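Structure record follows, encoded as structure tokens.
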There are 2 protein chains.
Amino acid sequence: MRNRKWLQEGTFLSPGYTEGTVLKAEGKCKDCSRINEVLSRVGDRWSVLIVISLANYGILRFNELKRNLGISQRMLSLTLRELERDGMVNRTYHPTIPPKVEYSLTPLGKSFREPLKGLGQWALNNLPAIDQARQRYDEQEASERQSA
Amino acid sequence: MRNRKWLQEGTFLSPGYTEGTVLKAEGKCKDCSRINEVLSRVGDRWSVLIVISLANYGILRFNELKRNLGISQRMLSLTLRELERDGMVNRTYHPTIPPKVEYSLTPLGKSFREPLKGLGQWALNNLPAIDQARQRYDEQEASERQSA
DNA sequence: CAGTATCCAGTGTGATACTG
DNA sequence: CAGTATCACACTGGATACTG
């Protein structure tokens, strides 16, 4: 979700993403690009999970986060760098031996929890309804297959 | 973002997802699976875009949505089916010639707009700050490369 | 400890062509 | 019009091994 190359300015479209489609998307749905920017952040489960962890614990070291989330070193490293770049987390490097690096939320990162909470609340309230809907849908489909 | 197979019950882990990692993730971060369920919905840009479009226009036909969003037929078809299955959109088929299918939001789908709004508001307020942070970060990085 | 580099499988998504 | 089927390809993200 993160590297939506085709959304970035000046990026050439790689084969498979035709120019027409992109232009159409931006032309017709002006808010789409902005919405996509939000989604590129909130849609990335590791970003969200890291923000939540840091919000709960305050300060965490690299390997603490890793153990906490069951994330691979690679993704943790990449995601933390992005979050730091976006001004969502602080990175503090202690040049000791062995090295020690601490991560915490910036005010911006903390403010992100609010909209996240709304989403979580909605999910809590409505996931059961969704599960029911799915069950109905799947049963419907099954009976149709039978009669066919 | 949608098919998080490894989150579904009874799904066998495909190669590349070691059992250890998954268990660790679920063991240490109890909320993760729930959070991921939300993300699997909100993290899908097409789902969100479709919900927003339908919220704005009330009722839309297949090709109206297609033109509106610049989405491919394939993705529109797949996403609409998922949304219908989740009880977020109504599908009304008119067996005329040529056929006509109308899509609209269910109450559940409408209720989803609220948390979405919170997110959008946050984005509107903070994307400039993020852009600034990125610029700072990138300039910093550039100057470090120079001195090295 | 805190990363970086490399490799590779799985998944998402667009293009294209076909159907009722 | 409203899809479905098939193909191709970029990107995600885990595993593994190496470094300071």
Side-chain angles (χ1 to χ4, degrees), chain A residues 1-8 11-25 36 39-40 43-47 49-50 60-67 69-82 84 89 91-103, chain B residues 1-8 11-25 36 39-40 43-47 49-50 60-67 69-82 84 89 91-103:
Chain A
M1 296 298 294
R2 188 152 281 274
N3 295 320
R4 298 263 173 71
K5 291 267 167 54
W6 55 273
L7 275 176
Q8 295 167 12
T11 303
F12 252 93
L13 297 165
S14 41
Y17 298 105
T18 68
E19 198 176 352
T21 305
V22 172
L23 289 180
K24 222 182 285 171
N36 271 314
L39 291 185
S40 70
D44 179 13
R45 77 177 186 281
W46 292 131
S47 292
L49 260 27
I50 288 173
L60 286 173
R61 299 178 59 176
F62 187 88
N63 273 329
E64 286 175 336
L65 275 166
K66 184 166 175 301
R67 276 190 298 271
L69 301 175
I71 185 179
S72 68
Q73 276 189 320
R74 177 184 140 88
M75 288 317 295
L76 181 54
S77 179
L78 289 176
T79 310
L80 280 173
R81 204 186 305 155
E82 272 305 295
E84 190 197 353
V89 314
R91 188 190 118 115
T92 320
Y93 176 72
H94 302 275
T96 54
I97 295 180
K100 175 175 172 179
V101 182
E102 294 180 324
Y103 293 93
Chain B
M1 298 296 298
R2 188 152 280 274
N3 295 320
R4 298 261 172 73
K5 292 266 169 52
W6 55 273
L7 276 177
Q8 294 168 13
T11 303
F12 252 92
L13 298 165
S14 41
Y17 298 106
T18 66
E19 200 177 349
T21 306
V22 172
L23 289 180
K24 222 183 285 172
N36 272 312
L39 292 185
S40 70
D44 178 13
R45 78 175 183 283
W46 293 130
S47 292
L49 259 28
I50 288 174
L60 287 173
R61 298 179 59 177
F62 187 88
N63 273 330
E64 287 175 334
L65 276 166
K66 184 167 174 302
R67 277 190 298 272
L69 301 176
I71 185 177
S72 67
Q73 276 189 322
R74 177 173 188 270
M75 288 317 296
L76 181 55
S77 178
L78 289 175
T79 311
L80 280 173
R81 201 185 307 152
E82 271 306 295
E84 190 197 352
V89 314
R91 189 192 117 112
T92 319
Y93 176 70
H94 303 275
T96 54
I97 295 179
K100 174 175 172 181
V101 183
E102 294 179 323
Y103 294 93

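In what follows, chains carry the letters A, B, and so on, assigned in the order in which the sequence lines appear, proteins first and then strands, with residues in each chain numbered from 1. Treat the numbers as computed from the prediction; the structure is a model and nothing was measured.
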(request) Go through the steps for Leu60(B) and Tyr103(B) under the test side chain to side chain contact (heavy atoms under 4.5 Å, CB included), then give the verdict. (result) CA-CA 5 Å; Leu60(B) 287 173; Tyr103(B) 294 93; 5.5 Å; no
(message) Please evaluate residues Arg91(B) and Val89(B) with respect to the criterion side chain to side chain contact (heavy atoms under 4.5 Å, CB included), reporting the C-alpha separation (whole Å), side-chain torsions for both, the decisive distance (0.1 Å), and the verdict.
(response) CA-CA 7 Å; Arg91(B) 189 192 117 112; Val89(B) 314; 5.6 Å; no
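At a threshold of 4.5 Å between non-hydrogen side-chain atoms, the residues Leu76(A) and Gln73(A) do not count as touching.
The separation between Leu60(B) atom CG and dA2(D) atom C1' is 15 Å, rounded to whole Å. In this structure, Phe62(A) atom CZ and dT19(D) atom C1' are separated by 14 Å, rounded to whole Å. Across the protein-nucleic acid pair, Arg61(A) atom CZ and dG3(C) atom P stand 10 Å apart, rounded to whole Å. Distance Asn63(B) CG to dT4(D) P: 13 Å, rounded to the nearest Å. Here the P atom of nucleotide dA2(C) and the CG atom of Leu76(A) are 10 Å apart, to the nearest Å. One can place NZ of Lys100(A) at 24 Å from P of dG20(D), the figure rounded to the nearest angstrom. If you take CD1 of Ile71(A) and P of dT12(D), they are 14 Å apart, rounded to a whole angstrom. To the nearest angstrom, P of dT13(C) lies 11 Å from CD1 of Ile50(B).
Partner assigned to dC8(C) is dG13(D), using Watson-Crick or G-U wobble distances below 3.5 angstrom. In this structure dT6(D) sits in a base pair with dA15(C), meeting the Watson-Crick or G-U test at under 3.5 Å.
The phosphate of dG20(D) (OP1 or OP2) has no side-chain N or O of Tyr93(A) nearer than 4.0 angstrom. Considering only side-chain N and O atoms, Arg81(B) lies under 4.0 angstrom from the phosphate OP1 or OP2 of dT4(D). Distances shorter than 4.0 Å separate some side-chain N or O of Arg91(B) from OP1 or OP2 on dG3(D).
Distances were taken from every side-chain heavy atom of Pro98(B) (C-beta onward) to each of dA2(C), dC7(C), dC1(D); the shortest belongs to dC1(D). Of the candidates dG14(D), dG14(C), dA2(C), the closest approach to any side-chain atom of Ser72(A) belongs to dG14(D). With distances taken from any side-chain atom of Arg45(A) to the nucleotides dG14(D), dA2(C), dT13(C), the minimum falls on dG14(D).
Of all non-hydrogen atoms in Ile71(B) and Leu65(B), the two that sit nearest each other are CG2-O, 4.3 Å. Scanning both residues, Pro98(B) and Thr96(B), for their nearest heavy atoms gives O-OG1, 2.9 Å.
Nucleotides of DNA chain D nearest to Arg74(B) and Gln73(A) differ in position, and the one nearer the 5' end is that of Arg74(B). DNA chain C is contacted by both Ser77(A) and Pro99(A); Pro99(A) maps to the nucleotide lying nearer its 5′ end (nearest heavy atom per residue).
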